[in-house]
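Just below is one structure, and these are the notes that go with it.
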Amino acid sequence: VQLQASGGGKVQPGGSLRLSCAASGSIASINAMGWYRQAPGKQRELVAVISSGGKTNYADSVKGRVTISRDGAKNTLYLQMNSLKPDDTAVYYCNYYDGVQYWGKGTQVTVSS
């Protein structure tokens with residue numbers, strides 16, 4: 001399994017970004033995928049996860065501002081982020097779990113004026 005995240009960048013507070021994660025290899029839609037982030041000096045934390053059937057869970061810090069979605073036909077995971085705040089600045093990683101954790105390389109999101 002390989003995961004390639006993209007879509008990061010620098011945006012002003014209040015702005016939006018859409019992250020994408022292209023998955024390749026033995027991907028099964030039954031397995032969960034998610035987005036995590038790691039800010040400088042902090043531990044990696046869950047942002048959002050989507051399981052089979054489309055059930056989603058979000059960190060409290062992003063609820064109402066972030067939407068995770070998945071295109072099974074394209075094996076692509078998305079994260080739509082709106083109303084971005086400076087605290088959202090981090091490297092964002094996509095994750096796939098089938099009993100083994102797989103991680104992409106991450107994409108930098110910087111929220112700054």
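For this chain, numbers begin at 1 and follow the sequence in order.
Alongside Met33, the hydrophobic cluster contains Val1, Leu3, Val11, Leu17, Leu19, Ile27, Trp35, Val47, Ile50, Tyr58, Val62, Val66, Ile68, Leu77, Leu79, Met81, Leu84, Tyr92, Tyr96, Val100, Tyr102, Val109, Val111 (criterion: ILVMFWY side chains under 4.5 Å).
Among residues at least two apart or in separate chains, salt bridge (Lys or Arg N to Asp or Glu O under 4.0 Å) pairs with a member in residues 38-48 are Arg37-Glu45. Residue pairs meeting the side chain to side chain donor-acceptor pair (under 3.5 Å) criterion with at least one member in residues 4-26, sequence neighbours excluded, are Ser16-Asn82. The disulfide bond (SG atoms under 2.5 Å apart) analysis of residues 52-113, with sequence neighbours excluded, yields the pairs Cys21-Cys94. Listed by first and then second residue, the side chain to side chain donor-acceptor pair (under 3.5 Å) pairs that reach into residues 62-74 are Asp60-Lys63, Arg65-Asp88, sequence neighbours excluded.
Criterion: ILVMFWY side-chain heavy atoms under 4.5 Å apart, direct or through other members. Under it, Tyr78 and Val49 are not part of a common hydrophobic cluster.
Every side-chain contact (heavy atoms from CB on, under 4.5 Å) that Gln101 has, sequence neighbours left out, goes to Asn95, Tyr97, Trp103.
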Please assess Gln108 against Thr89 for the test side chain to side chain contact (heavy atoms under 4.5 Å, CB included), listing each intermediate value before the final yes or no. CA-CA 8 Å; Gln108 176 71 47; Thr89 296; 4.0 Å; yes
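Pairing each heavy atom of Thr107 with each of Ala5, the nearest pair is CG2-CB, 4.2 Å. Of all the heavy atoms in Pro13 and Ser113, the pair that sits closest is CD-N, 3.7 Å.
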